[in-house]
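Beneath this line is the structure, given in structure tokens, with notes to follow.
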Amino acid sequence: MRKFYKDGWDRGHGGHTINGPAIWRLPEFIYIYCEAVNNLTGPNDEIYNLINKVRDRSFMAPMPPAAKSDKELMEEYIQRERRVELFYENNRYWVARLYLQPGDYNTTSNVKASEWPYPKDQRQSHGMKPVEDPNGKIEVNGKKYRMERFVVEDNRVFSAPKSYLWPILQEELKRCPSLVQNPGW
């Protein structure tokens with residue numbers, strides 16, 4: 001969340017100033033470019049180095065060198081980097097629709113969120129809670145803790161292809177007879 005605070009903010013001296021939301025940020029352009037190059041010609045040193053520059057800025061380790069030669073692995077990294085870098089910037093909903101991720105595991109039936117193998121978008125609402133653990137890496141007042149994921153909301157149902165697109169208003173369909181309602185509506 002540090003990205004939203006102005007440089008020099010001091011937690012101990014009252015209020016804080018939050019930077020306004022950016023409309024576009026350079027990392028987003030980098031990911032769009034890297035994804036396009038990866039899809040057209042496959043992974044290469046240029047996009048590998050660009051993504052690692054963004055990672056380095058956040059003190060993250062470089063991607064494994066195997067991503068330079070594996071198109072699918074590079075695509076996974078680009079999507080993951082976008083998810084991490086643009087965290088909390090109201091971007092996730094649109095990216096999930098771009099990649100059709102709400103139904104990427106089972107697109108033929110209604111599936112409860114708890115049946116998905118791993119939540120990476122709006123299938124479930126999750127939270128993190130500290131759990132006391134002698135091997136934990138977080139220490140507070142002499143006790144060690146680790147963070148554990150828990151499900152906050154587990155009753156969402158995704159039904160493909162209906163859930164990819166919203167319905168078109170009946171008034172619009174009447175106004176334009178050649179317009180066809182979205183699937184499932």
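These numbers come from a predicted model, not from an experiment. Worth knowing before you read on, the calculation uses all heavy atoms, side chains too, and leaves out hydrogens, waters and symmetry mates.
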Worked verdict on E148 versus R146 for salt bridge (charged side-chain N to carboxylate O under 4.0 Å, His left out): CA-CA 6 Å; E148 184 176 279; R146 66 177 166 78; 3.0 Å; yes
Enter the distance from [X]:[atom1] to [Y]:[atom2] here, rounded to the nearest 0.5 Å.
X   : Y   : atom1 : atom2 : result
N38 : E76 : CG    : CD    : 11.0 Å
I51 : R82 : CD1   : CZ    : 10.0 Å
S69 : M74 : OG    : CE    : 9.0 Å
L86 : E81 : CG    : CD    : 10.5 Å
Y31 : L26 : OH    : CG    : 9.5 Å

Return yes if some donor-acceptor pair links the side-chain N/O of [X] with the main-chain N/O of [Y] below 3.5 Å, else return no.
X    : Y    : answer
Y77  : E72  : no
N182 : W166 : yes
N49  : D45  : yes
N44  : I47  : yes

NZ/NE/NH1/NH2 to OD/OE distance under 4.0 Å, R25 and E85: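 Between E85 and R25 there is a salt bridge, with a charged N closer than 4.0 Å to a carboxylate O.
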Would you call E172-R175 a salt bridge at under 4.0 Å N-O? yes
Is the shortest heavy-atom distance from the side chain of [X] to the side chain of [Y] under 4.5 Å?
X    : Y    : result
R57  : V54  : yes
L173 : Q170 : yes
Y48  : P65  : yes
E132 : K144 : no
P62  : R55  : no
R80  : E75  : no
N52  : L50  : no
I30  : K53  : no

Check whether [X] and [Y] end up in the same hydrophobic cluster, where Ile, Leu, Val, Met, Phe, Trp and Tyr are linked by side-chain heavy atoms less than 4.5 Å apart.
X    : Y    : value
I78  : I32  : no
M128 : V131 : no
L179 : W185 : no

Could you give me the CA-CA distance, side-chain angles and deciding distance for Y33 and E46, then say whether side chain to side chain donor-acceptor pair (under 3.5 Å) is met? CA-CA 11 Å; Y33 173 75; E46 178 193 18; 3.0 Å; yes
Would you indicate whether K71, at its atom NZ, is surrounded by more than 12 heavy atoms from other residues, nucleotides or ligands within a distance under 6.0 Å?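 Result for NZ/K71: enclosed.
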